[in-house]
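None of these values were measured; they are calculated from a predicted model.
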Amino acid sequence: METTKDDVRRGRPRNEACTGEILEAALQLVADVGIAGLTMDAVAAAAGVGKATIYRRWSSKEALMLDAWMSCVRTPPVPDTGTLRGDLEVLLGGLDHPLNDRELQRVFPQMIAAAKVNPDVADAYRAFVAQRRVPLQAVLQRGVERGEIDPAADLEVVHDLLIAPLMYRWVVTDAPIDANVIRQIIATVTAGAALPSGA
């Protein structure tokens with residue numbers, strides 16, 4: 001039986017370089033026009049691919065946007081400096097996170113908004129957040145084992161108290177995030193979570 005061009009296309013392996021170009025184009029467009037203005041046609045044109053190529057990978061523009069964000073933010077390794085504060089300084093100061101990228105700063109709130117209204121995106125986003133919390137939770141648990149954190153402390157709350165000021169500065173106030181700010185946050189939170197004096 002004669003092989004058609006469509007058969008050849010269907011059997012063609014996925015081009016990962018093409019995937020990267022699509023994700024980059026999606027991020028740029030969302031930063032420029034917002035998710036409301038994002039279309040698969042625009043992404044295809046910007047990435048130099050056919051729209052069918054995009055739909056073979058992502059069923060919606062929200063799913064595409066989430067994957068584009070995830071491609072830029074990887075889960076960091078768990079440090080072990082010997083002290084809680086040392087571990088936190090390494091982890092928070094060296095986050096593989098685009099905190100200085102103004103383009104992604106505009107994309108992030110829109111990704112959260114999409115997760116609030118699209119169940120598929122919400123599931124993927126929750127899984128992404130859970131994965132990102134693992135290294136810091138490991139550091140905090142080690143702090144408990146070392147006697148640097150009160151065993152009665154809620155580590156989920158301690159985690160949130162460490163991350164929330166960074167995100168607030170990044171998304172809401174545009175205030176600087178530098179080593180000094182990170183050290184102040186760590187000192188304040190760990191002081192509150194430490195074992196009481198004489199315990």
Side-chain angles (χ1 to χ4, degrees), residues 1-78 91-137 159 163-164 166-177:
M1 186 173 70
E2 184 180 355
T3 301
T4 67
K5 291 182 180 180
D6 284 341
D7 291 330
V8 173
R9 280 196 293 268
R10 281 195 294 268
R12 184 178 299 166
R14 175 177 294 189
N15 184 333
E16 295 304 329
C18 175
T19 297
E21 292 168 359
I22 294 169
L23 295 174
E24 184 177 348
L27 281 173
Q28 182 62 58
L29 285 166
V30 172
D32 290 343
V33 303
I35 192 170
L38 181 70
T39 66
M40 294 302 207
D41 286 322
V43 175
V49 300
K51 189 164 64 172
T53 299
I54 298 176
Y55 276 112
R56 280 197 294 270
R57 293 162 167 81
W58 299 279
S59 60
S60 69
K61 66 181 183 181
E62 291 85 2
L64 169 58
M65 187 182 74
L66 184 59
D67 269 3
W69 172 261
M70 288 182 174
S71 72
C72 299
V73 185
R74 291 178 292 277
T75 301
V78 179
L91 190 59
L92 300 183
L95 281 177
D96 188 7
H97 192 294
L99 290 177
N100 295 317
D101 192 317
R102 294 298 179 181
E103 178 179 297
L104 294 182
Q105 188 180 32
R106 298 196 300 272
V107 171
F108 183 65
Q110 299 182 60
M111 184 191 70
I112 294 176
K116 296 298 183 182
V117 299
N118 184 305
D120 292 334
V121 175
D123 288 343
Y125 180 68
R126 281 193 291 269
F128 166 69
V129 170
Q131 181 187 38
R132 288 285 296 177
R133 291 177 73 88
V134 169
L136 182 48
Q137 282 295 307
H159 185 130
I163 297 299
L166 300 176
M167 299 307 299
Y168 184 81
R169 282 171 169 257
W170 189 51
V171 175
V172 179
T173 67
D174 288 327
I177 299 172

Would you give me the side-chain donor-acceptor pairs under 3.5 Å for residues 39-51, sequence neighbours excluded?
unit_1 : atom_1 : unit_2 : atom_2 : d
T39    : OG1    : A42    : N      : 3.0
D41    : OD1    : K51    : NZ     : 3.1

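Residues W58 and T19 have side chains in contact (heavy-atom distance under 4.5 Å, counting atoms from C-beta outward). You'll find the side chain of V78 stays beyond 4.5 Å of the side chain of L136, heavy atoms only.
Within the structure, the side chain to side chain donor-acceptor pair (under 3.5 Å) test picks out the following pairs touching residues 25-37 (sequence neighbours left out): Q28-D32.
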Q | Intermediate values then yes/no, side-chain contact (heavy atoms from CB on, under 4.5 Å), V171 and I112 | A | CA-CA 11 Å; V171 175; I112 294 176; over 6 Å; no

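A distance of 12.5 Å separates CD1 of I177 from OH of Y168, quoted to the nearest 0.5 Å. Distance CE/M65 to CG/L38: 8.0 Å, rounded to 0.5 Å. Note: R132 CZ to I163 CD1 = 8.0 Å, rounded to the nearest 0.5 Å. Rounding to the nearest 0.5 Å gives a distance of 12.5 Å between CD of E62 and CG of D67. Atom NZ of residue K61 and atom CD1 of residue I54 lie 13.0 Å apart, to the nearest 0.5 angstrom.
Qualifying side-chain hydrogen bond (donor to acceptor under 3.5 Å, both in side chains) partners for Q131, counting only residues two or more places apart in sequence or in other chains: none. Applying the side-chain hydrogen bond (donor to acceptor under 3.5 Å, both in side chains) criterion to N118, with sequence neighbours excluded, gives no partner residue. Every side-chain contact (heavy atoms from CB on, under 4.5 Å) that V129 has, sequence neighbours left out, goes to Y125, R133. By the side-chain hydrogen bond (donor to acceptor under 3.5 Å, both in side chains) test, R169 pairs with no residue at all, sequence neighbours left out.
Nearest heavy-atom pair across L91 and P77 is CD1-O, 3.8 Å. In terms of heavy atoms, P76 sits closest to P135 at O-CG, 3.3 Å.
In this structure, Q137 places its CD atom where more than 12 heavy-atom neighbours from other residues, nucleotides or ligands lie under 6.0 Å away.
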